[in-house]
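Shown next, in structure tokens, is the structure this report addresses.
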Amino acid sequence: MLLAPLALLMGAPPANAVVLCLAQADQTGCVTGTVGNRANPVEGVDVSLLDADGVEVDSLTTEADGKFSFQVTEAGDYFVSVGELPDGLEVRPPAERFQGPDGSIMVTVALGGSVSPDLNVRSVDFDAGGDSFGDQIIQSIAQGLRLGLLLALASVGLSLIYGTTGLSNFAHAEQVTLGGMVAYGLCNVAGINLWVGIVLTTLICGFSGFLQDFVMWKPLRKRGLGLTQMMIVTIGLSLAAQYAFQFFVGASQQKVVVRNFDVVELGPIRLTGMSFVAMGVALVAIGIVGYVLLYTRVGQATRAVSDNPALAAASGIDVDKIIRMVWVVAAGLAGLGGVFYALVVSNGIRWDTGMQILLLLFAAVTLGGLGTAFGAFVGAIIIGLVVELAGPLGAPGDLKYAVALVILIVLLMVRPQGLLGRAARVG
Amino acid sequence: MDTILSILNATLREAIAPNTAAVAIAVIGLNIHFGFTGLLNIGQAGYMLLGAYGMAISITYDIPLLFAVLIGFVVSFVFSLILGLPTLKLRGDYLAIVTISAAEIVRYSGRLAAFEDFTGGSQGIFGKDYQGPFISLSFLGSGRLTLLEFNYTDVADGARWVQVLGLIALIGAIVGAVLLLRSLKSAGGAVLAPMSSTVRSALVAVALVLGAILTVVVPAYADRDTATDIFSRVVAFVIFTSIMLAVLFGGQAAFAAWKTAKGRKAVLAGVLILFAVLAIFFTFPKTYDRTGVDGWWVRMIAWFIVGLSCAVVFLLVRSPWGRLLRGVREDEDAMRSLGKNVFAIKMQALIIGGMFGSLGGMVYVLTGTVQADSMGRSLTFFAYTALLLGGAATIFGPVLGTIIFFSARILIREASGAYIPDAIMTNSQTEQFSYVVVGVGLMLLVIFRPQGILGNKRELRFNV
Amino acid sequence: MSETTVGMADPAVRRQLMADVAQEPGSAKPDSILSVDNITRRFGGITAVDVNHLEVQRGMITALIGPNGAGKTTFFNLITGFDKPSSAGKGAHWSFDGATLDKTGASAVAKSGMVRTFQLTKALSRMTVMDNMLLGAKDQRGESLMRCMFRPIWSGQEREVEEKAAGLLERFKLLEKKDDYAGSLSGGQRKLLEMARALMSDPKMIMLDEPMAGVNPALTQSLLGHIQALRDEGTTVLFVEHDMHVVQHISDWVVVMAEGQIVAEGPADTVMANPAVIDAYLGAHHDTDLGDDDLLDEGADLGPLSETAADEEGSPPPESHDEGKHA
């Protein structure tokens with residue numbers, strides 16, 4: 001009985017390198033989680049796992065991503081105890097039934113399963129209130145615009161793809177992740193200058209769109225595969241891509257650049273300088289797309305294909321070329337969005353960064369009206385604002401994402417064609 | 001050889017796991033949505049989660065198991081109404097977006113610290129808080145049980161060659177059954193003569209009597225104290241009677257089919273499949289607790305519910321109502337022009353499929369915890385893969401697809417763990433590799449064999 | 001059954017009955033089964049349908065003709081509940097067999113006895129021909145979710161419905177195809193199937209949208225026979241058709257639409273001489289193909305349906321697919 005934890009300690013990896021535990025049926029169980037939360041992880045905290053008798057089984061110190069992960073070989077109750085937190089922070093106390101001795105949190109581990117105790121933190125003086133409510137709102141609006149513009153980068157492409165091919169691309173979020181990953185590889189691993197890296201990333205992602213259309217979507221269109229089936233193909237692609245990211249990069253959060261950006265204060269607004277750059281670049285990129293769509297022959301052709309592909313083909317437009325171009329632009333924009341998202345919003349890139357915002361993208365596109373690029377832009381801004389404003393207005397934690405989705409559902413009830421969609425016959 | 005056998009052993013363990021059965025039930029529901037009615041529900045995991053919460057939270061408030069299950073159903077019913085009312089009159093994509101969003105809302109809410117007293121927040125509800133009433137229904141007795149009791153270890157002291165022989169017999173039986181079934185398929189469907197009502201009543205009566213006898217005999221044999229509980233007896237009676245019904249009606253059908261050459265082939269295929277199942281457990285005997293949290297009792301109930309669900313779906317889709325579903329899948333306007341209330345049909349399908357989803361969720365948590373993140377989007381995507389693998393719009397496709405899906409993933413993981421050197425793929429990478437294969441598999445499946453294993457290629461030739 | 005349908009099989013009776021009806025748009029009929037008022041439908045700035053008043057006589061075959069884009073199919077969609085008039089709530093009113101349909105959905109319209117077919121056939125491809133037929137039957141007990149799992153409740157009715165379906169399939173020469181998937185049928189066979197399926201519900205009135213388009217010439221004749229037989233059995237028929245021979249051959253009354261409006265009504269042999277009709281067709285000359293003009297010329301001298309004319313109709317006129325776009 002005494003030997004078991006000892007053996008575990010010997011076999012376990014060094015305490016400071018967090019290796020993600022994978023539960024194996026009937027053999028091991030896992031206790032994993034994050035100190036703080038994904039957006040604001042807490043680094044350098046000692047986390048230890050105690051068994052039911054209060055004996056320490058394992059311990060480690062969190063790294064930049066705040067993650068901890070323990071593996072156990074016996075099912076039962078354990079306690080997770082957190083050491084000294086950086087000043088001003090405390091662990092939000094769990095519900096009574098999870099409270100263990102000395103502020104630890106109880107978990108029940110089953111073999112073959114994984115549990116994640118909630119180790120969210122708050123500032124000690126959390127109810128003393130920091131900024132005034134009005135300042136919080138203004139700050140949230142700024143963050144909302146930032147999120148909205150970055151979402152718009154991705155959702156405009158998603159909407160263009162839907163408009164020209166009728167395909168709801170569930171793998172579009174992985175294009176966003178791809179952007180962050182490629183930038184991580186170029187700037188962090190290979191050490192290329194950030195700005196060069198961003199341009200290169202956009203090009204590489206655009207090329208990935210070209211490649212996808214060339215290798216997969218065009219042949220599938222030629223095969224006459226139904227839209228539903230195509231949509232399921234994108235689901236498969238999304239799954240494969242997510243785990244491929246994990247396979248190559250690992251499951252932890254990676255930073256695109258190591259250094260931190262300076263914070264710029266504009267009255268009550270505090271954002272990193274990079275945030276303003278990101279917003280500017282997003283606006284310019286979307287502006288260019290909008291200009292091309294409205295005032296150039298290619299844009300006209302794209303809109304014609306969206307309206308009626310058969311008619312467009314009959315009037316001499318090379319539909320395949322237009323669709324290929326849409327894929328390139330969509331993937332490039334999503335990649336660009338991914339880089340900036342990783343730089344200024346999520347503080348790094350993970351295999352599931354894109355997946356986290358996929359529904360926001362769909363919400364933005366649907367909100368604006370399926371298949372209208374400008375609708376997607378407006379929808380994305382609204383969704384960004386809603387998500388960021390939901391927090392100060394009283395939606396706790398991840399519920400802010402849920403609020404955006406609730407708004408989507410409510411809108412569909414009253415205006416199914418979306419905000420900017422035409423009231424065409426439905427069904 | 002040892003490595004191969006141990007990989008296969010792990011694969012089989014996954015194939016009969018209660019969680020596999022649970023997902024199979026949810027996939028059966030998804031089949032009603034997507035396969036039969038053409039409803040693009042991408043939130044089946046949300047239904048599962050709601051069913052699990054409905055049942056588990058009710059039990060923690062001391063509501064009897066039966067009512068807790070009913071509450072789980074009611075929750076999913078309400079969920080269907082909320083999802084269906086705004087979207088079923090709109091184009092199909094809207095249902096897809098709303099279902100996936102709603103499922104995520106459920107998951108986010110479940111994880112919310114504010115609801116921790118009900119849902120346990122991100123840790124979820126612990127199994128020990130709600131599993132009690134279910135476990136105490138067991139009539140299997142205590143101790144451990146090996147299936148089959150007679151297995152390779154009983155022949156020649158369990159020499160390796162006996163196990164290998166069993167494996168060869170198993171493969172032979174499966175190949176034979178598949179070949180027979182394929183030759184049947186090309187010959188077209190067999191028509192069974194309708195059964196006279198006298199024979200039917202007689203068979204039902206016999207099944208009831210046998211079921212009652214077994215209900216008395218088996219708990220006595222299992223020597224279990226809690227089996228004296230009246231509900232436990234009722235459960236036992238229902239299970240035994242259903243099994244007897246299946247055996248008797250199956251036997252009668254086999255007897256009737258034996259008269260034609262085609263029927264004989266079908267019966268032979270059935271016998272081969274039975275033999276294959278026996279060969280599986282002869283070669284890889286499985287030992288679990290009779291009753292514990294992760295024992296035979298939960299496996300038996302889980303697979304029994306799978307069988308029952310298949311039977312219900314069979315009755316549903318072979319009726320004029322099932323015809324309505326397929327009609328809606330093909331063309332809603334045509335159905336309207338024939339005076340059918342398309343909205344009502346879609347709503348009914350959404351509700352029924354959702355109930356299977358929530359039932360699947362309830363079974364899913366019988367061995368673990370009710371944790372929101374364990375029933376997220378990926379689970380829905382897995383369900384779609386399983387459905388398409390087995391064959392949409394078939395009766396047994398969802399079950400076969402789920403079993404193959406889950407065991408294939410374990411097979412890939414174990415095999416790549418065993419045969420690919422760590423320098424190329426570390427142990428944790430094999431897990432991810434197995435999921436990559438799943439994703440790519442889903443794509444290839446949809447592109448190259450959209451009808452799945454059991455589906456009808458002919459039926460898919462016409463693009464609508 | 002209304003008294004006016006008695007003896008409808010006799011052409012003389014029919015002619016007699018319509019003799020007193022004014023040959024002008026929106027004229028009152030002795031016993032109208034369908035009556036339409038103030039229906040307009042606009043798409044963007046274009047007015048597709050603008051019908052002030054129309055009555056359809058019970059027990060007769062009424063043809064609805066007009067150049068392309070005249071709004072015939074849109075008109076069908078409107079009165080069968082598949083589309084909503086722009087004038088809804090602003091004076092639009094239509095009723096069928098005494099019951100008002102202003103707010104009735106498509107399926108309820110069909111249930112009330114007015115069943116339609118589609119210009120582009122809507123066969124349920126991945127279902128067998130027999131299953132297609134069985135879906136047509138009304139009031140099936142087994143279609144209730146509560147009852148469908150108990151076979152004895154519905155098996156008797158199911159057998160009756162199957163017999164009826166087999167009878168209709170026999171009549172439409174589709175019986176040997178009953179176990180084939182509907183998707184494997186030819187275009188003409190699908191038209192037949194759709195019509196047969198519509199008849200499964202014993203409609204009071206059947207609305208056929210270009211029933212002859214794409215039908216094998218050998219079948220055209222028998223299809224016409226079926227339509228006439230339907231009338232003789234008391235079913236009212238309203239159909240859209242481009243083939244003037246067909247129109248002349250079987251219709252008792254012709255309604256002409258142009259640019260969304262009804263421009264003329266009358267018996268087949270006189271309406272084509274109406275200046276408004278000639279205007280409508282010539283005015284729309286640029287988008288009427290030559291086939292129609294030829295037919296119009298032949299139609300003027302009342303030639304009987306000849307084999308050659310039927311042959312020409314074997315391939316569907318190319319314009320027959322355009323109208324969906326306008327709708």
Side-chain angles (χ1 to χ4, degrees), chain A residues 19-20 22 25-26 33 92 94-98 105 107-108 110-113 115-118 120 168 220 223-226 228-233 235-244 246-247 251 355 359 362-363 366 370 396-399 401-402 405-406 408-409 412-413 416 426-427, chain B residues 10 13-14 17 40 85-87 89-94 96-98 100-102 104-105 108-109 111-114 116-117 120-124 126-128 293 332 367-369 371 373 377-378 381 384-385 388 427-429 431-433 435-436 438-443 446-447 450 463-464:
Chain A
V19 174
L20 195 72
L22 285 166
D26 298 349
R92 203 179 45 74
E96 210 168 297
R97 62 191 218 227
F98 298 137
I105 293 173
V107 292
T108 302
L111 292 187
V115 291
S116 33
D118 193 5
N120 218 334
S168 302
L220 289 187
R223 258 178 99 101
L225 199 68
T228 309
Q229 279 96 323
M230 287 244 236
M231 202 187 87
I232 295 171
V233 173
I235 290 178
L237 179 63
S238 145
L239 265 184
Q242 279 171 26
Y243 286 99
Q246 268 192 67
F247 187 94
M355 193 179 86
L359 285 183
F362 271 113
T366 316
L370 283 177
D398 280 346
L399 203 64
Y401 300 113
L405 302 178
V406 169
L408 169 71
I409 294 177
L412 283 181
M413 287 187 196
V426 197
Chain B
R13 191 168 50 215
E14 182 78 2
L40 214 48
L85 284 175
T87 53
K89 286 190 171 156
L90 309 176
R91 224 170 30 202
D93 333 32
Y94 286 101
I97 291 167
V98 167
I100 193 171
S101 303
E104 287 295 280
I105 292 174
Y108 286 140
S109 313
R111 280 174 17 170
L112 215 57
E116 211 164 48
D117 287 335
S122 58
Q123 271 210 59
F126 298 143
K128 62 176 192 289
V293 171
E332 291 183 16
T367 50
T369 55
Q371 205 233 342
D373 290 335
R377 261 177 283 172
S378 341
F381 295 162
Y384 265 95
T385 314
L388 292 167
N427 247 341
S428 68
Q429 278 180 322
E431 175 87 7
Q432 285 133 20
F433 177 69
Y435 281 112
V436 173
V438 162
V440 173
L442 174 60
M443 291 161 70
V446 176
I447 297 171
N463 268 322
V464 224

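Naming convention: chains lettered A, B, ... in sequence-line order (proteins, then strands); numbering from 1 in each chain.
Contacts of B/Phe433 with chain A are made by both backbone and side-chain atoms, with heavy-atom separations under 4.5 Å. For chain B, the nearby parts of A/Leu237 are the backbone and the side chain; heavy atoms of each come within less than 4.5 Å. For A/Met231, the part lying near chain B is the side chain, with the backbone staying farther off; criterion is any non-hydrogen pair under 4.5 Å. For B/Leu388, the part lying under 4.5 angstrom from a heavy atom of chain A is the side chain only. Contact annotation for B/Leu442: only side-chain heavy atoms (C-beta onward) come within less than 4.5 Å of a heavy atom of chain A. The contact between A/Leu220 and chain B is made entirely by side chain atoms (from C-beta outward), counting heavy-atom distances below 4.5 Å. If you measure heavy-atom distances from B/Ile447 to chain A, the contacts under 4.5 Å come from both the backbone and the side chain.
Within the model, atoms CG of A/Leu359 and CZ of B/Arg377 stand 4.5 Å from one another, a figure rounded to the nearest 0.5 Å. One finds the CD atom of A/Gln246 at 10.0 Å from the CD atom of B/Gln429 (value rounded to the nearest 0.5 Å). Distance check: A/Phe247 CZ to B/Glu431 CD gives 12.5 Å after rounding to the nearest 0.5 Å. If you take OG1 on A/Thr366 and CG on A/Leu408, they are separated by 5.5 Å, rounding to the nearest 0.5 Å.
Here the closest non-hydrogen pair linking A/Ala240 and B/Val436 is O-CG2, 3.7 Å.
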- Worked verdict on A/Phe362 versus A/Leu405 for side chain to side chain contact (heavy atoms under 4.5 Å, CB included): CA-CA 9 Å; A/Phe362 271 113; A/Leu405 302 178; over 6 Å; no

- Given B/Val446 and A/Ile235, is the side chain to side chain contact (heavy atoms under 4.5 Å, CB included) satisfied, shown in steps? CA-CA 11 Å; B/Val446 176; A/Ile235 290 178; over 6 Å; no

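Ranked by heavy-atom pairs shorter than 4.5 Å toward chain B, the options A/Ile409, A/Ile232, A/Val406, A/Leu239 are led by A/Ile232. Residue with the most contacts toward chain A among B/Lys128, B/Gln371, B/Gln123: B/Gln123 (heavy-atom pairs, distance under 4.5 Å). Contacts with chain A were tallied for B/Ala10, B/Gly127, B/Pro86, B/Ala17; B/Pro86 has the most, counting heavy-atom pairs under 4.5 Å.
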